**Q** 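Below are the structure tokens for one structure; questions will follow.
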Amino acid sequence: MRVLIVEDDAGIATALAATLKCNGYAADVTPTLSLASAALRVEPFDLVLLDLGLPDGEGLDWLRQVRREGHAMPVLIMSARDALPDRVAGLDEGADDYMVKPFEPEELLARMRVALRRSEGRASPLLRHGDLLVDPAAHSVLRNGEPVVLRAKEFALLLALLRGSGQVLTRQRLEQAMYGFDEVLDSNALEVHMHHLRRKLGEGLVKTVRGVGYFVPAQDSQGGH
Ligand code: CA
């Protein structure tokens, strides 16, 4: 899951990015709205965390523009402005949630999971696929009821594959979901993670489409019915 943090307070931004990375997200920070727009043009982000007062404008104006351009990913506003009109305006302009600063990281992470779940059309927090049961909040995977230990990047890769099940995901798309701009990436890192994932979860789960990418066949992967 790739998250864009639009925040000009370097202290907050750095702490947030660290929290997200600890929790298996790939996080990028842009301190201005123009850089945020540039980032959106080149990378597919799964979620945006948006401050309201930025050096080059108002986050709300930016959000309105972004929605007009058709970007549909969840946007969570994080602002010290706690007045009711601010919160209502934020939600009405297309934000999915509104966090009043300061907030606890645990609550932000929980609200991010809700927003992502909703954007995927899932009511259940759990992802189910064949003999796998994946809990994104707890970072846990059960295979036939038995816990499987995955490293952070393996877990991120599994989530990206399950969330996109039924479609072929290119190497580039998977790498974008797993890594931020500032992370150095070995050319075969994806293959290494894929190898471990298959070893731990069975060879049949992920199919290779030679020269294109990978996919997990669609089935009852949405869970929670
Ligand atoms: Ca600010």
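One-based numbering, in listed order, for ligands and for the atoms of each. Just so we're clear, the structure is a prediction, and the values are computed from it rather than from any experiment.
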**Q** Does any part of the side chain of Val134, heavy atoms only, come nearer than 4.5 Å to the side chain of Leu158, both counted from C-beta?
**A**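 They are in contact (side-chain heavy atoms under 4.5 Å apart), so the answer is yes.
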**Q** Are Leu201 and Val141 close enough that some pair of their side-chain heavy atoms sits under 4.5 Å apart?
**A**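 Leu201 reaches Val141 side chain to side chain.
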**Q** Supply the atom-to-atom distance Ser124 OG to Leu133 CG, rounded to the nearest 0.5 angstrom.
**A**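 Output value for this atom pair is 8.0 Å.
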**Q** Taking everything shown except Arg64 itself, do over 12 heavy atoms lie less than 6.0 Å from its CZ?
**A**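 More than 12 heavy atoms, drawn from other residues, nucleotides or ligands, come within 6.0 Å of this atom.
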**Q** Rounded to the nearest 10°, what angle sits at the Ca ion (ligand 1) between O of Gly53 and OD1 of Asp8?
**A**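 Taking the Ca ion (ligand 1) as the apex, I get 90° for this pair.
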**Q** Please state whether the separation between the Ca ion (ligand 1) and some N/O/S atom of Glu7 is under 3.0 Å?
**A**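 Not a single backbone or side-chain N, O or S atom of Glu7 is under 3.0 Å from the Ca ion (ligand 1).
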**Q** Among the N/O/S atoms of Asp51, select the one at the shortest distance from the Ca ion (ligand 1) and name it.
**A**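 Nearest N/O/S atom of Asp51: OD2.
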